[in-house]
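Model, not experiment: these values are computed from the prediction. Both backbone and side-chain heavy atoms feed into the values below; hydrogens, waters and symmetry mates do not. To find a chain, count down the sequence lines: A is the first, B the second, and so on, and within it residues start at 1.
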Protein chains: 2
Amino acid sequence: MKPTDTTTYRALNTYTKLMRAAESVTSRVGRNMAAADLTISQFGVLEALLHKGPLCQRDIAAKILKSTGNITLVIDNLEKRGLVRRERINEDRRYLTIQLTDHGLELIHEVFARVEAAIVAEMKVLTHDEQETLGTLCKKLGLREGRG
Amino acid sequence: MKPTDTTTYRALNTYTKLMRAAESVTSRVGRNMAAADLTISQFGVLEALLHKGPLCQRDIAAKILKSTGNITLVIDNLEKRGLVRRERINEDRRYLTIQLTDHGLELIHEVFARVEAAIVAEMKVLTHDEQETLGTLCKKLGLREGRG
DNA sequence: GTCATATTGTTTAATATTAAACTATATGAT
DNA sequence: ATCATATAGTTTAATATTAAACAATATGAC
């Protein structure tokens, strides 16, 4: 093999493993969301509101990497279930502030705890040092322009 | 912070970075598929056929981690574009063998080369050793039961 | 003030995805 | 041979997602 070939081979291999790991972990962790009848996106929205407080839809879209059109629907569905509330802001009436309701807060609190536990369990196959290393390497890949 | 807290914190942090890296890289690499009017799933199917030869739909579904129902549609669309061909097997008439057409082979050959180059470019932010390390750590996370 | 431009959120149309019900075929026990 | 079970693929209904067009509101130049 020429050096280029081994370089390519290594890159493809690493890429594949990264993707598989992400899919695999997402799928297992996601079961805890599905158990509470939350999609990954719905969980993402509620989790953002839990940890950042009330947000407008645009900020939510940016946070969970989805289109604003999609967020409209996700919030619609959460609103129907009484988990969040929309509130028009008077200083700038284009904005809507999305807030957790009491029920929403209670639910995401509980589901987040389970998800958190699942993530900790997933990561337990790695030592602390390995986790730090993985985080550092992933961060290098994540940084860069472009959606995502 | 109690030890449990730092453990949890580290796990969540690592998880987030893993997810961001995967999304980010997928999104950038995926542009090369979109440029040829291929969805990620369509690319996945063609790529599997390119590197593994003819496959039945069930195997394709397993390979790209999608439902068999979805594969039916993906293959339908590829067939409409004349990129693959379905062929009933006579030894067991439940099976369909999916083959690349000449046109399909030509296309995936070209698109795969671009995707490959994109992946190599993505991975260039990591040294060879770092790639090996990332691969090893991801593999530990990926292994386990469960869809994915 | 008025108009051009930006921005927030909504709607629409197209596509993707899944789970579950279904059809057709094969296999194995009796 | 027959029947129960399993398997491959399809269909259907529900949901998710995006891009693009759109409505409402804000901002800034003049």
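- Considering CG of B:L100 and CG of B:L49, their distance stands at 4.5 Å, rounded to 0.5 Å.
- Glycosidic conformation at D:dA8 (O4'-C1'-N9-C4 for purines, O4'-C1'-N1-C2 for pyrimidines): anti, more than 90° from 0.
- Between A:R86 and A:D76, at least one side-chain N (NZ, or NE/NH1/NH2) sits under 4.0 Å from a carboxylate O, which counts as a salt bridge.
- Looking at B:I71 and B:S41, their side chains never come closer than 4.5 Å, going by heavy atoms from C-beta outward.
- Taking A:E116 as the reference, A:F112, B:T8, B:L12 meet the side-chain contact (heavy atoms from CB on, under 4.5 Å) condition, with sequence neighbours excluded.
- Under the 4.5 Å side-chain criterion, counting only non-hydrogen atoms from C-beta, A:I64 is not in contact with A:V74.
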Where does DNA chain C pair, written as one dot-bracket string 5' to 3', with Watson-Crick or G-U pairs under 3.5 Å, ( ) inside the strand, [ ] for crossing pairs and | for another strand?
|||||.||||||||||||||||||||||||
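- A donor-acceptor contact under 3.5 angstrom links the side chains of A:S24 and A:R28, judged on distance only.
- Of all the residues in residues 39-63 of chain A, A:C56, A:Q57, A:R58 reach under 4.0 Å from DNA chain C with at least one non-hydrogen atom.
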Collect all protein-nucleotide pairs involving nucleotides 2-4 of chain D in which both atoms are nitrogen or oxygen and the distance is under 3.5 Å.
none

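- Taking atom CD1 on A:I71 and atom P on D:dA19, their separation rounds to 13 Å, with Å as the unit.
- Between A:L96 atom CG and C:dT7 atom C1' the separation is 13 Å, expressed in whole Å.
- To the nearest angstrom, P of D:dT15 lies 15 Å from CG of A:L38.
- Within the 4.5 Å cutoff, the side chain of A:K63 has no heavy atoms near those of the A:V45 side chain.
- Among the protein residues, B:L73 comes within range of the nucleic acid bases, having at least one heavy atom under 4.0 Å from a base atom.
- Between B:N70 and the phosphate of C:dT18, there is a side-chain N or O to OP1/OP2 separation shorter than 4.0 Å.
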Determine, stepwise, if the pair A:R81 / A:L107 fulfils side-chain contact (heavy atoms from CB on, under 4.5 Å).
CA-CA 11 Å; A:R81 274 175 73 183; A:L107 180 69; 4.1 Å; yes
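- For the pair B:I75 CD1 and D:dA8 P, the interatomic distance rounds to 15 Å; values are reported in whole Å.
- Of the residues in residues 76-95 of chain B, those with a non-hydrogen atom less than 4.0 angstrom from any atom of DNA chain C are B:N77, B:E91, B:D92, B:R93, B:R94.
- Residue B:K66 contributes atom NZ, which lies 17 Å from atom P of D:dA16 at whole-angstrom precision.
- Checked against salt bridge (charged side-chain N to carboxylate O under 4.0 Å, His left out), A:R58 has no partners two or more places apart in sequence or in another chain.
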